[in-house]
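To keep things clear, I will list the structure first and then write my remarks on it.
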Amino acid sequence: LSRSHPGGRPSWLTTPMQVGSDEGIIAHGSTEAKTGSLLDESKVRYSWQLSIDGRRYNIEFTNSKTSGKKRIFVDGRQIHEQKVFRSPNFHYSWPIGEHLLSIVPRDEFKRPSDTFSELKDNLTGKVDCNFELRINGLPFRVFERTPGQQRPQRPQRTQQQQQQQQQQQ
């Protein structure tokens, strides 16, 4: 993050994007906390700690349910702010090196326990949701490593897919 271009923007924001290998990515941990000042559940702060190509990063995302304000920070520096009242409509992506990071609504499939819960989920689900960090399109948790555990491998690209990508550049 410390490398900057003459315009003052970090190089990871201005470098042309070509998604790199997943091998250089390690997920160290994540947290989710309710941090509203008046109402405990009015703001949620997500934090992800990871290494990308040997450099550690701390990604934070805050979601204010009352104001609709969403903020993304990389190592304490705000890189994006947007007001979106219907949280499921919020998506933001940005590059770090050759990797594309995204904050997106988390896919959650839960079965309501009763009619009231079902009604509440139908109403709030259209306005509020939980979020996750994705790296190169994969959920953060895929990059967590435990001893003896191997990360799932992406399918190899066919020669035709590789040629199409080179033509697009």
Side-chain angles (χ1 to χ4, degrees), residues 1 10 12-15 17-53 56-146 149 151-155:
L1 283 173
W12 54 268
L13 278 176
T14 58
T15 305
M17 187 66 215
Q18 179 178 6
V19 175
S21 164
D22 295 337
E23 287 307 309
I25 302 169
I26 301 171
H28 298 292
S30 64
T31 60
E32 180 179 333
K34 294 175 176 33
T35 62
S37 56
L38 294 176
L39 295 172
D40 198 28
E41 294 186 17
S42 66
K43 185 185 278 187
V44 181
R45 177 180 298 272
Y46 299 85
S47 181
W48 298 273
Q49 298 76 41
L50 66 154
S51 292
I52 298 177
D53 300 330
R56 285 188 76 114
Y57 292 93
N58 184 44
I59 310 295
E60 290 187 356
F61 171 69
T62 59
N63 174 23
S64 173
K65 297 176 183 183
T66 53
S67 71
K69 193 179 293 186
K70 318 290 189 249
R71 291 181 176 167
I72 299 173
F73 300 85
V74 176
D75 292 338
R77 183 175 179 186
Q78 184 176 315
I79 63 161
H80 184 72
E81 180 177 305
Q82 183 178 354
K83 273 193 176 184
V84 178
F85 288 103
R86 292 178 182 249
S87 288
N89 293 337
F90 179 83
H91 299 80
Y92 184 75
S93 298
W94 72 99
I96 291 184
E98 294 183 348
H99 304 282
L100 187 64
L101 283 74
S102 304
I103 305 281
V104 298
R106 186 182 310 149
D107 292 330
E108 294 185 71
F109 301 100
K110 60 181 180 179
R111 187 173 218 79
S113 58
D114 58 35
T115 307
F116 177 74
S117 295
E118 186 174 349
L119 178 62
K120 179 182 164 220
D121 287 350
N122 285 337
L123 293 174
T124 60
K126 291 179 174 57
V127 178
D128 190 27
C129 65
N130 292 315
F131 289 89
E132 70 179 351
L133 176 68
R134 290 185 169 252
I135 307 158
N136 299 337
L138 297 173
F140 177 83
R141 68 186 171 276
V142 169
F143 299 98
E144 293 174 338
R145 293 186 185 173
T146 57
Q149 176 189 13
R151 183 181 315 148
Q153 297 294 314
R154 285 183 181 268

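Positions are given from 1 along the sequence. Note that the coordinates shown come from a computational prediction; the quantities given were computed from them, not determined experimentally.
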Point-to-point distance, once rounded to the nearest 0.5 Å, from [atom1] of [X] to [atom2] of [Y]:
{"X": "Ile96", "Y": "Ile52", "atom1": "CD1", "atom2": "CD1", "value": "4.5 Å"}
{"X": "Glu144", "Y": "Leu50", "atom1": "CD", "atom2": "CG", "value": "11.0 Å"}
{"X": "Asp53", "Y": "His99", "atom1": "CG", "atom2": "NE2", "value": "3.5 Å"}
{"X": "Ile103", "Y": "Ile59", "atom1": "CD1", "atom2": "CD1", "value": "7.5 Å"}
{"X": "Glu32", "Y": "Trp48", "atom1": "CD", "atom2": "CH2", "value": "8.5 Å"}

- Task: Say whether Ser51 and His28, considering side chains only, have a donor N or O and an acceptor N or O under 3.5 Å apart.
- Result: yes

- Item | side chain to side chain contact (heavy atoms under 4.5 Å, CB included) between Asp22 and Phe143, intermediate numbers included | CA-CA 8 Å; Asp22 295 337; Phe143 299 98; 3.8 Å; yes

Nearest heavy-atom neighbours spanning [X] and [Y]:
{"X": "Phe131", "Y": "Lys70", "result": "CZ-CE, 4.3 Å"}
{"X": "Ser47", "Y": "Glu60", "result": "OG-CG, 3.9 Å"}
{"X": "His91", "Y": "Asn89", "result": "ND1-O, 3.5 Å"}
{"X": "Tyr46", "Y": "Cys129", "result": "OH-O, 4.2 Å"}
{"X": "Phe140", "Y": "Ala27", "result": "CZ-CB, 3.3 Å"}
{"X": "Glu132", "Y": "Pro139", "result": "OE1-CB, 3.9 Å"}

- For Leu101 and Val74, what are the C-alpha separation, side-chain angles and deciding distance, and is it a side chain to side chain contact (heavy atoms under 4.5 Å, CB included)? CA-CA 11 Å; Leu101 283 74; Val74 176; over 6 Å; no

Sub-3.5 Å donor-acceptor pair from the side chain of [X] to the main-chain atoms of [Y], do we have one?
{"X": "Asn58", "Y": "Asp75", "answer": "no"}
{"X": "Lys43", "Y": "Thr62", "answer": "no"}
{"X": "Ser67", "Y": "Lys69", "answer": "yes"}

- Task: Run the numbers on Asp128 and Asn63 for side chain to side chain contact (heavy atoms under 4.5 Å, CB included), then give the verdict.
- Result: CA-CA 10 Å; Asp128 190 27; Asn63 174 23; 3.8 Å; yes

- Item | Verdict with supporting geometry, Tyr92 and Phe61, side chain to side chain contact (heavy atoms under 4.5 Å, CB included) | CA-CA 11 Å; Tyr92 184 75; Phe61 171 69; over 6 Å; no

